[in-house]
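This structure is a prediction, so every number in the text was calculated from the model and none was measured. Index from 1, following the sequence.
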Amino acid sequence: MAAPRDSLPAPRALILGVGARTAGGLTALQVTMTARAGRLEPRPCHLVDRAGERVATLRLASIGDHVMGIDRLVALGGPALRQAAHGWTSARRAAGGPAIALPLVVAAPDARRP
């Protein structure tokens, strides 16, 4: 038998929403459906790795090839973050409540990576 809800510990974190933006889709649902269909296939490109070998990528047409590093991270992550926060922010607005800053945890690559 499940424990009564009142006896459960308070959560340390809540997932308020999800967001994604990749070459496989512009929303979390599109990305999920593309991945489930097995349609995320890297394509050869002009970039090379440190050993001089050509690499394959999944590129988003709306972000130019010249956009690299943190600028590329922001170009991909910004729209995904807006998607993830949309449910929370729109519910707060609809309820007439004030905007509340949401804590954000971002995992970023080492600064030495291109």
Let me confirm one number: the [atom1]-[atom2] distance from [X] to [Y], rounded to the nearest 0.5 Å.
| X | Y | atom1 | atom2 | result |
| --- | --- | --- | --- | --- |
| Thr34 | Glu41 | OG1 | CD | 11.0 Å |
| Leu76 | Asp71 | CG | CG | 11.5 Å |
| Arg59 | Arg43 | CZ | CZ | 10.0 Å |

Verdict with reasoning, Leu26 to Leu60, per side chain to side chain contact (heavy atoms under 4.5 Å, CB included): CA-CA 9 Å; Leu26 302 179; Leu60 190 59; 3.8 Å; yes
Nearest heavy atoms of [X] and [Y], plus distance in Å:
| X | Y | value |
| --- | --- | --- |
| Met68 | Asp65 | CE-O, 3.3 Å |
| Arg54 | His46 | NH2-N, 3.8 Å |
| Gly24 | Leu40 | CA-CD2, 3.6 Å |
| Pro42 | Ala56 | CB-CB, 3.6 Å |
| Gly25 | Val31 | O-CG2, 3.5 Å |

Heavy atoms of other groups near Arg92 CZ, more than 12 under 6.0 Å: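 Yes, enclosed.
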Arg21 vs Ile63 side-chain heavy atoms within contact, under 4.5 Å: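 Counting from C-beta outward, Arg21 and Ile63 never come under 4.5 Å.
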